[in-house]
**Q** 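Below is a structure I'd like to ask you about.
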Amino acid sequence: MQVEETAVTPVLNRLRRAQGQLAGVIAMIEAGRDCKDVVTQLAAVSRALDRAGFKIVASGMRQCLADGDADARPMTEEELEKLFLALA
C-alpha cells in the first residue's frame, strides 16, 4: 500500500510533530516533571500517531479502490477491520 502524494505531506508533518512531542516527553521525564504534565504530552503524541495512521489507512484504501491493481488481492472485511483495530 502506498500513500497518496496529497497525503504524504500531512502525514509526515504529523509524524514529525509526534517525534518532537516524544522528545519533549523524554526530556520531561528526565527532568522529573509532574506526572500530569507528562501524561498530557504523552496523550498528544498518541493522538498525533493515531491521526497519521488513520490518514495512511484511509489514503491507502482509497488508492486501492481507485487503482484496482490486478496483481493485488483485495483485502477482506476481516483484514480491513484488523488494520483499523491495530490503530485503536
**Q** Working to the nearest 0.5 angstrom, can you tell me the gap between Arg14 CZ and Asp50 CG?
**A** 10.5 Å

**Q** Any donor and acceptor pair, going by atom type alone, linking the side chain of Thr40 with main-chain N or O of Lys36 inside 3.5 Å?
**A** yes

**Q** Rounded to the nearest 0.5 Å, what separation is found between the CD atom of Gln19 and the CZ atom of Arg17?
**A** 12.5 Å

**Q** Find out if a path of hydrophobic residues (ILVMFWY) with successive side-chain heavy-atom gaps under 4.5 Å connects Val25 to Val39.
**A** no

**Q** One pair to check against side chain to side chain contact (heavy atoms under 4.5 Å, CB included): Val11 and Leu15. What are the steps and the verdict?
**A** CA-CA 6 Å; Val11 166; Leu15 291 174; 3.9 Å; yes

**Q** With rounding to the nearest 0.5 Å, note down the distance linking CG in Leu42 to CZ in Arg47.
**A** 10.0 Å

**Q** Is any side-chain heavy atom of Val45 closer than 4.5 Å to a side-chain heavy atom of Gln41?
**A** no

